Amino acid sequence: MATLYTAEALATGDGRNGHARTTDGKVDVALAFPKEMGGSGEGTNPEQLFAAGYAACFHSALRLVGSKAKANIDDSAVGAKVGIGPNDTGGFALEVTLEVSLPHLTREQAQELADAAHQVCPYSNATRGNIPVQVVVAED
């Protein structure tokens with residue numbers, strides 16, 4: 001792979017109850033366990049950051065494949081849900097649901113583009129075979 005860009009970040013403090021900052025300062029966040037996991041919920045958490053990154057990356061991939069297919073991708077959007085829970089080996093695992101909205105296409109056309117984007121997206125390529133990722137077309 002010929003690297004085009006490298007992001008750098010540093011986490012400090014008490015891990016999930018600490019702080020994270022990119023070297024350029026564009027992301028600078030307090031971290032906290034979510035209330036659902038016994039924390040204060042007063043900061044962001046790695047799953048929220050991953051969801052935001054995956055949604056944005058997948059949306060770019062969707063717009064790329066949509067443009068190449070000459071599809072109407074106006075008003076498109078991608079939502080990401082990242083779940084975390086215990087796995088069978090005493091650790092934790094993630095799962096992802098990506099919800100794609102392509103309001104100007106039929107459900108079948110939208111699913112076809114979403115499936116194509118799933119092959120292009122770097123996040124999808126990184127997670128494939130490692131965590132369950134479900135790609136669905138929004139109902140509305």
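This is a predicted model, so every value here is computed, not measured. Numbers here are sequence positions counted from 1.
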Closest approach of [X] and [Y], non-hydrogen atoms and distance?
X: A32; Y: G41; result: CB-N, 4.3 Å
X: A51; Y: A80; result: O-CB, 3.4 Å
X: L94; Y: I131; result: O-CB, 3.4 Å

Report task. List the steps and the verdict of side chain to side chain contact (heavy atoms under 4.5 Å, CB included) for N45 and F33. Result -> CA-CA 6 Å; N45 60 67; F33 273 97; over 6 Å; no
Checking the side chain of [X] only, and the main-chain atoms of [Y] only, is there a donor and an acceptor separated by less than 3.5 Å?
X: R63; Y: D74; result: no
X: H59; Y: S76; result: yes
X: N130; Y: A126; result: yes
X: T3; Y: Y5; result: no
X: Q111; Y: E108; result: no
X: T22; Y: A9; result: no
X: Q119; Y: A116; result: no

Just how far is it from atom [atom1] of [X] to atom [atom2] of [Y], taken to the nearest 0.5 Å?
X: D24; Y: E8; atom1: CG; atom2: CD; value: 9.0 Å
X: E36; Y: E47; atom1: CD; atom2: CD; value: 11.0 Å
X: E139; Y: E99; atom1: CD; atom2: CD; value: 8.0 Å
X: M37; Y: R16; atom1: CE; atom2: CZ; value: 5.0 Å
X: F50; Y: I84; atom1: CZ; atom2: CD1; value: 11.0 Å
X: R128; Y: H118; atom1: CZ; atom2: NE2; value: 5.0 Å

State yes or no: do [X] and [Y] share one hydrophobic cluster built from I, L, V, M, F, W and Y residues joined by side-chain heavy-atom distances below 4.5 Å, directly or via other members?
X: V120; Y: V133; answer: yes
X: L64; Y: I73; answer: yes
X: V82; Y: L31; answer: no

Report task. Can you establish whether the number of heavy atoms outside Q48 located under 6.0 Å from its atom CD is more than 12? Result ->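 Counting other residues, nucleotides and ligands, CD of Q48 exceeds 12 neighbours.
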Query - Test item: side-chain donor near acceptor, D28 and H19, under 3.5 Å - result: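 Per modelled atom types, D28 and H19 side chains form a pair under 3.5 Å.
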Pairwise side-chain contact, [X] with [Y], heavy-atom cut-off 4.5 Å (strictly under):
X: V137; Y: L102; value: no
X: T23; Y: L10; value: no
X: F92; Y: N87; value: no

Sequence neighbours excluded, which residues qualify as side chain to side chain donor-acceptor pair (under 3.5 Å) partners of [X]?
X: D14; value: none
X: D88; value: none
X: D75; value: H104

Report task. Could you walk me through whether V96 and Y54 pass side chain to side chain contact (heavy atoms under 4.5 Å, CB included), step by step? Result -> CA-CA 9 Å; V96 175; Y54 204 159; 3.9 Å; yes
**Report entry** Test applied, side chain to side chain contact (heavy atoms under 4.5 Å, CB included); reference residue, V135; option that passes from L62, V100, V78
**Finding:**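 Only one of L62, V100, V78 forms a side chain to side chain contact (heavy atoms under 4.5 Å, CB included) with V135, namely V100.
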